[in-house]
**Student:** 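Dumping the structure here so I can ask a few things about it.
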Amino acid sequence: MRYYLMPIEGSEVVVDLAKTTVQTGGLVEFVFASPDGDPKGRQSTIYLRKIAGGYFTSMDGVRWTRIPRLTRSSKIVVGNQTYDLYRGYKPSGVGGAHEGDLVTQMPGMVAKIHVTPGQIVKKGDVLLILDAMKMENQIISSREGIIREIFVREGESLAKGRIIMELEALE
Amino acid sequence: MRYYLMPIEGSEVVVDLAKTTVQTGGLVEFVFASPDGDPKGRQSTIYLRKIAGGYFTSMDGVRWTRIPRLTRSSKIVVGNQTYDLYRGYKPSGVGGAHEGDLVTQMPGMVAKIHVTPGQIVKKGDVLLILDAMKMENQIISSREGIIREIFVREGESLAKGRIIMELEALE
Amino acid sequence: MIVRPARILIVNRGEIAIRVARAVRELGHIAVGLWTDNEPGAAHLAYCDEWVHLEGHGHAETYLNISRLIELARRHDITAVHPGYGFLAENDGFAEALDREGLVFVGPNARAIRMMGDKAVSKRVARQAGVPTIPGSLGAVADLAEALAIAGEIAYPVLLKAVAGGGGRGMRICRDAREVEANFEAVQREARAAFGNGDLLVEKYIVNPRHVEVQILADKAGNVRHLFERECSIQRRHQKIIEEAPSPFIGDNEPLRLDICATAVKLARAVGYDSAGTVEFVMGEDRSYYFLEMNTRIQVEHPITEEITGIDLVACMIQAALGQPVDAPPQEAITHRGHAIECRICAEDPVTLAPTPGTVTGLATAFPQGTRFDHCLYEGLEVTPDFDPMVGKLVTRGMSRAVAVRKMHAALDGLAITGLVTNIPLHKQILADGAFIAGKYSTDFIEARRPQDGIQTQADLETIYRQLASIEAANMGL
Amino acid sequence: MIVRPARILIVNRGEIAIRVARAVRELGHIAVGLWTDNEPGAAHLAYCDEWVHLEGHGHAETYLNISRLIELARRHDITAVHPGYGFLAENDGFAEALDREGLVFVGPNARAIRMMGDKAVSKRVARQAGVPTIPGSLGAVADLAEALAIAGEIAYPVLLKAVAGGGGRGMRICRDAREVEANFEAVQREARAAFGNGDLLVEKYIVNPRHVEVQILADKAGNVRHLFERECSIQRRHQKIIEEAPSPFIGDNEPLRLDICATAVKLARAVGYDSAGTVEFVMGEDRSYYFLEMNTRIQVEHPITEEITGIDLVACMIQAALGQPVDAPPQEAITHRGHAIECRICAEDPVTLAPTPGTVTGLATAFPQGTRFDHCLYEGLEVTPDFDPMVGKLVTRGMSRAVAVRKMHAALDGLAITGLVTNIPLHKQILADGAFIAGKYSTDFIEARRPQDGIQTQADLETIYRQLASIEAANMGL
């Protein structure tokens, strides 16, 4: 079983569930591997037990860590990254933003657009103001480049993951 | 749908679920009635809503009370009574203890039997000692009567609900 | 100070194993928990870093099996062992065996356990240390004349009781010399018939006794602190079910409080005490108090002391055992503030007080601010006859006793456990009792006032309907 | 005293609505909660006795809709209204409107709200009451000469800033007269360009400022108590994220503590304050302090004061509003004991500090003793951009700051929220920072030390594996 984890930005992560073994006493062994480089070399075993209604996992069968029971499994969060999770297939048309595309990190309303197509921007320039979570959020250019196209209007409400504009990098 | 609630001792309770209505916004209305005398007259409506993952019930749609989500529904406890719950049918051979039968309230081991068949006992007499929960528990006669038959031996481990002896009441 | 992480084995289960594991982890140590064959999914494992299988079913094979426990400790590279309460907590042989292996016992030294574990020795040590014990004959009296002489000396009422007696049998209260004369031979006969031994003691009879105990916190550097007292007079079957700190009976009498606490410290010093422990006293109507026994372990009711003093007893106990400074200020800076109450939540019939095993089918809580709930409950927990019927301790604290009582009312209302018969209705009755509210009660409170008679035991159709609605909703996938 | 149950409407949501409802119920009153169309299953309803539908989506239609709220209060026979914080909590018009309807506003009188709500008025009132405010020109200076005169008077460094400025723009720090001369015209030009107004202020520049605030608890009988101070210098975007009580900067300097607390009481008396409130100060390196503003409501960080004083602020605030005696001792008997820390748990990227809406897919906690978690989290909670990204407040207390910090480490490790990006990793970085551990930090801590740079942002395969294992196990029905 292959999992595809598609982030809003950055690179996708592929994980293979190679084997599931149910032991006596409710112990389950999952063998995972990843083409992105497994922490234990080729593959890793995750042990899982249910104690007092909660799930506990272990990498070595000795040290156990609680992990919340994930009730909705369409998204997972690792650190500050949110991944859309696909089990068994790689979706088409998802996570398909190109290199230079600027994508919304959160839903919000476009308060002000500070740039126009064709404009050259420097790293750190404010491109757009997004009203979200009761605050003004400045969307800032992460590099020097030319604004190729702007896909949103002021006043428009945007879903998360929406492409805002295309920024072509300058050498 | 008729429910039969069979206690270990005492009388059974019969409840009819007359009607279930699912409203918008996750509100569910259950109409219950009981031949044992409904608190509101003929029948009662119980409103149920799920809030923050928990169930809340109301008799009037105004005042709400949390009720734990009952994950295993074969037994319910009301006050100090435990009922075996049967949905849709009345079991045969369950809760079938007769009027004079003495039934175990908890699992335990028979430590000592203080009476013999044919013996006349008074209210308050110790009939038997049951070792349970790390303690000696005296099983005491609730009335005057004659011990007709004893169904257990000293040293025997008993499940809960097991008939211990038959006690015939005296006038 | 950098503390090297220790691997601490917890030889217990239930709520106290959870409490200990929380302290172990907070201190940066590794909590190693045990599981046995009749409790493979034990709740306390959820708070332990490592889980070790202790094979076997009965307590003798498992939590009382010293040689097996020591073998496991060796195999899993354990530094220290915390026994919780019960099981091996007051077993000096266990403490010594660990010591021989170079393992730390999280508790006092074996000598202190041994001295306080023997009733006769502890009483003698207490007397030598100048701690009051119940006045009376030192052993059996020779005859009626000696009984009368001693009774006259210790003042009436006195208790005439069988040396071999126990559990309330073979004893008689005598209010004057005439009653001693009238009863002496009868009690002798009773004692001979019941226990095969007619020897009698004469002891002062404590009218309306209160159970007052003092928390001790000592360390290996010789510091012995007290953390004030608790009152545990609400009992059933001679077991506590509600405890309070400070004692409402001592109340604002700060000199009496300091006196009984200083007395407890005196005893702890006399036995070279070096851990957390409790000195138990019985206190009479006239506020005279007498030593009963010393519990050389952490107690069930330790949370109420933590709540009024702010000191984490279990963490300090671990620090003391490891020879480290404890996170408690010196005696003069330790204060008691406000009031705390603990209700022991037990799987027990609130009316008959008999244990009621069962399976928890649901749990929901909505507590006021200032509530603490130390427990091992979860949906699916099977409360079996093998273990203590106590499944949790509900604790509230407030700036005054009235506030703590008010919060406890709300906390009991906010604790819903389904699938299990519990003593929550009994606690509600006690909390609503005028004598309890006034703080005027002695150890016979439950027998005398019978709060259980006020509990509604009729089948309550409304509650049944609500529970059936919950079952139906779950079946509907809501 | 028998208190007649009041029907108390809570005009708020999230964790503070839960906190208020818990107090309302404990006091024997009836908690009436509101739900809006974009949050029909709001978590706080779980703590309310009755649920009232407040139709509408945006805040203007719902939690800010005074006329609609008053209508609902009338229709549901409400006695008193608790506003929580935010929304209408500091709206004197709302307090007045309730008053006209004969309804109790659980907060101070409208006049006190109005006086403290206007920056200019509150500063004037403070000066009149003898409360220090930041020295400087009373308004715009006429010219460079006046600027130099004032700067000389208040001592360097000074801040030259645009009257119309804000957010750090149009201001310059000047360390001596030469710098004032060199910058005056430049700042004027900048101010004119940026705000169309070249007027400048001269104000004392506070080096390494600390945010120190004093908790006030007053009642309608004219008792004004302080409950000591909090320090809230750990901020991002000028919003607090970690608070402590007592202030580590004041430390053991008890005279300074009592002085700033007495100053706060002086101001509260001057405005006829009669509820819970907070007087905020900025404190300089030299421990001089100046009044910033007064918050006329219960604050987010009130729990740390409750933990060190033992007083239930929310319950007392309700008692005060109802004209009842509050459950707090007189000033001289109020003590601070130990230390408490609060970490605000927000749905916010720990690195970029941007809000991160999402859905909670799982929640698990394993806290040390002495932890309090006021929150509105549950499995399935959708954190939307409509509401405050703060979803909980993790609070620990200990006998010393070191113990509270240790417990906070363990508490953060024991809080697992899945499905949501939270600032928990940022809190862990701050708690491990040497300057924080030493208690030596000012309001520029996050900007200056950038703890967020230490957060691991690489995809962590081990964590992904564990989460996938949990999903697989749930799919297997385990």
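Small disclaimer: the values here were computed from a predicted structure and weren't measured. Here is the naming used below: chain letters follow the sequence lines, and residue numbers restart at 1 for every chain.
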**Student:** Is there a side-chain contact between A:Thr20 and D:Met476, using heavy atoms and a 4.5 Å cut-off?
**Tutor:** yes
**Student:** With chain D as the partner, which of A:Leu17, A:Thr57, A:Val22 has the greatest number of non-hydrogen pairs under 4.5 Å?
**Tutor:** A:Thr57
**Student:** Please say whether more than 12 non-hydrogen atoms of neighbouring residues, nucleotides or ligands are located less than 6.0 Å from CD in D:Glu447.
**Tutor:** no
**Student:** Is it the side chain or the backbone of A:Phe32 that comes within 4.5 Å of chain D heavy atoms, both, or neither?
**Tutor:** both
**Student:** Measuring only between side-chain heavy atoms, which start at C-beta, is D:Thr356 closer than 4.5 Å to A:Asn80?
**Tutor:** no
**Student:** D:Leu478 versus chain A, heavy atoms under 4.5 Å apart: side chain, backbone, both or neither?
**Tutor:** both
**Student:** Quick check: closest heavy atoms across A:Ala33 and D:Tyr465, and the distance to 0.1 Å?
**Tutor:** C-OH, 3.4 Å
**Student:** Show your reasoning for whether side chain to side chain contact (heavy atoms under 4.5 Å, CB included) applies to A:Ile76 and D:Ile471.
**Tutor:** CA-CA 10 Å; A:Ile76 72 173; D:Ile471 290 169; 3.8 Å; yes
**Student:** Are the side chains of A:Thr82 and D:Val421 in touch, meaning some heavy atoms are under 4.5 Å apart?
**Tutor:** yes
**Student:** What closest approach, in Å, do A:Val77 and D:Gln467 show between heavy atoms, and which atom pair accounts for it?
**Tutor:** O-NE2, 2.9 Å
**Student:** Specify the closest pair of heavy atoms between A:Phe30 and D:Ala473, including all atoms of both residues, with the distance to one decimal.
**Tutor:** CZ-N, 4.1 Å
**Student:** Output the distance between atom CD (A:Gln81) and atom OG1 (D:Thr457), rounded to the nearest 0.5 Å.
**Tutor:** 8.0 Å
**Student:** For A:Arg69, does its backbone N or O pair with a side-chain atom of D:Thr418 as donor and acceptor, under 3.5 Å?
**Tutor:** no
**Student:** Please rank D:Asp460, D:Ile464, D:Ile424, D:Asn475 by heavy-atom pairs under 4.5 Å with chain A and give me the top one.
**Tutor:** D:Ile464
**Student:** What are the two closest non-hydrogen atoms of D:Ser470 and A:Pro68, and how far apart are they?
**Tutor:** OG-O, 3.1 Å
**Student:** Between D:Ala474, D:Gly414, D:Pro425, D:Ala354, which has the largest tally of heavy atom pairs under 4.5 Å with chain A?
**Tutor:** D:Ala474
**Student:** Go through the atoms of A:Tyr47 and report whether side chain, backbone, both or neither lie under 4.5 Å from a heavy atom of chain D.
**Tutor:** neither
**Student:** Does a side-chain heavy-atom distance below 4.5 Å link D:Leu468 with A:Leu70?
**Tutor:** no
**Student:** May I ask you to test the A:Ile46-D:Arg466 pair for a side-chain heavy-atom distance under 4.5 Å?
**Tutor:** yes
**Student:** Below 4.5 Å from any heavy atom of chain D, which atoms of A:Ser11 appear? Answer side chain, backbone, both or neither.
**Tutor:** neither
